[in-house]
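If you're wondering where the values come from, they're calculated on a predicted model, not measured in any experiment.
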Amino acid sequence: MPDTAADRSPDGVATIEIRLSRPQQLFNSLDPSPFHERDLDQDAEEYLVDSADEFPLKKPLTLIIHLPADQLQAGDAPDLAQAIHNYFAYRLDVTERRLRFYFRDGRMTLLVGLMFLFVCIAVRQLLLAVGGGLAASIADEGLYIVGWVVMWRPLEVFLYDWRPIRHRTRLYAKLARIPVIVRPT
């Protein structure tokens, strides 16, 4: 990727700057889609996402693309903005869908985990009622521990794992509407 910079402008708007020798550098060269529907180059996407992530989500952000004057034509600037917005809108949609599937899977693991926990508690109570001794105590404690260990994954999904995915959706939403300015170098 050519020269890049992420800066804070004096007017309070954060800027991400990219210097390109031609507009096509921003896009995946193997993607046969029309220009405004093409995928961004992986390095360009990573740079934009990582740069945007350095700033608070609520802070206004602008993308400035520097191109040689001979590469600027009347239709290029809107196409670049449109292509970048389309790409991140698509990524937003994919990530939101992933989050919905993640929560759906989380609900399923929670249901399975709760059922298994209740079975463990019921078998534990049965063992305590039927007999005593060392074997019953070991089975009692083992079932108690296994029942709660099975709940680990559902709790992890609903307490921790969804947050980075949700943050990524907000970041993509911000990049899907970022103002894009194309300037000659």
Side-chain angles (χ1 to χ4, degrees), residues 1 4-9 12-16 18 26 28 31 37 39-63 83-180:
M1 188 94 235
T4 55
D7 298 310
R8 299 176 199 273
S9 66
V13 176
T15 60
I16 300 172
I18 299 178
L26 203 55
N28 182 345
D31 188 355
E37 296 175 6
D39 285 344
L40 290 182
D41 179 72
Q42 184 177 355
D43 291 336
E45 178 191 0
E46 285 178 23
Y47 175 75
L48 291 173
V49 170
D50 290 345
S51 296
D53 202 18
E54 291 178 10
F55 303 103
L57 284 171
K58 293 184 180 187
K59 184 164 185 71
L61 192 60
T62 300
L63 174 62
I84 290 168
H85 293 160
N86 287 347
Y87 178 76
F88 283 111
Y90 167 74
R91 296 296 294 159
L92 171 64
D93 183 52
V94 167
T95 308
E96 284 176 336
R97 193 170 339 128
R98 179 178 164 214
L99 187 60
R100 282 193 307 274
F101 290 151
Y102 195 72
F103 277 133
R104 184 193 66 192
D105 292 345
R107 287 188 298 273
M108 289 302 296
T109 59
L110 180 62
L111 180 65
V112 169
L114 285 173
M115 289 188 328
F116 190 81
L117 177 62
F118 288 132
V119 167
C120 286
I121 290 172
V123 170
R124 184 174 174 250
Q125 292 299 321
L126 183 65
L127 280 175
L128 290 175
V130 170
L134 182 62
S137 291
I138 291 172
D140 170 43
E141 288 300 318
L143 286 169
Y144 185 72
I145 292 168
V146 166
W148 284 107
V149 166
V150 168
M151 291 299 296
W152 184 287
R153 181 67 186 143
L155 291 172
E156 189 175 45
V157 166
F158 289 111
L159 293 177
Y160 305 110
D161 288 352
W162 66 273
R163 296 182 74 228
I165 301 170
R166 178 67 179 135
H167 177 74
R168 187 57 59 118
T169 62
R170 290 179 177 161
L171 204 53
Y172 287 151
K174 184 176 185 174
L175 289 169
R177 61 183 189 281
I178 189 172
V180 178

> Given the rule in the side chain to side chain contact (heavy atoms under 4.5 Å, CB included) test, do D39 and E45 qualify, once you have shown the distances and angles that lead to the verdict?
Replying inline: CA-CA 9 Å; D39 285 344; E45 178 191 0; over 6 Å; no

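- With values rounded to the nearest 0.5 angstrom, W148 atom CH2 is found 5.0 Å from L117 atom CG.
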>> Set out, in order, the CA-CA distance, both residues' side-chain angles and the distance that settles side chain to side chain contact (heavy atoms under 4.5 Å, CB included) for D140 and L127, then state yes or no.
In response: CA-CA 7 Å; D140 170 43; L127 280 175; 5.7 Å; no

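- Inter-residue side-chain proximity for R104 and R100 is flagged as unmet; no heavy-atom pair is nearer than 4.5 Å.
- Side chains of R166 and T169: a donor on one and an acceptor on the other come within 3.5 Å.
- Scanning both residues, A176 and A89, for their nearest heavy atoms gives CB-N, 3.7 Å.
- We find the NE2-CG distance between H85 and L92 to be 12.5 Å, quoted to the nearest 0.5 Å.
- To the nearest 0.5 Å, atom CG of residue L99 and atom CG of residue D161 are 11.0 Å apart.
- Looking only at side-chain heavy atoms (C-beta outward), V150 and M115 stay at 4.5 Å or farther from each other.
- When the shell of 6.0 Å around CZ of F158 is examined, it contains more than 12 heavy atoms from other residues, nucleotides or ligands.
- Inter-residue side-chain proximity for V157 and W162 is flagged as unmet; no heavy-atom pair is nearer than 4.5 Å.
- For the pair E54/I16, no side-chain contact is recorded, criterion being any heavy-atom separation below 4.5 Å from C-beta on.
- For the pair L171 and F88, the minimum side-chain heavy-atom distance is 4.5 Å or more.
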>> Apply side chain to side chain contact (heavy atoms under 4.5 Å, CB included) to residues Y172 and D93 and explain how you reach the verdict.
In response: CA-CA 9 Å; Y172 287 151; D93 183 52; over 6 Å; no

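- A donor-acceptor pair under 3.5 Å is formed between the side chain of T109 and the backbone N or O of G106.
- Remark: D105 does not engage R98 in a salt bridge, criterion side-chain N to carboxylate O under 4.0 Å.
- Of the possible polar contacts, one joining the K174 side chain to the K59 backbone as a donor-acceptor pair under 3.5 Å is found.
- We find the CG-CD1 distance between L63 and I18 to be 5.0 Å, quoted to the nearest 0.5 Å.
- The CZ atom of F55 lies 6.5 Å from the CG atom of L61; values are rounded to the nearest 0.5 Å.
- You'll find the side chain of V49 reaches within 4.5 Å of the side chain of R168, heavy atoms only.
- E46 contributes atom CD, which lies 10.5 Å from atom CG of L48 (distance to the nearest 0.5 angstrom).
- Side-chain atoms of I84 and L175, non-hydrogen and from C-beta on, never get closer than 4.5 Å to each other.
- Between L110 and R153, the closest side-chain pair of non-hydrogen atoms is not below 4.5 Å.
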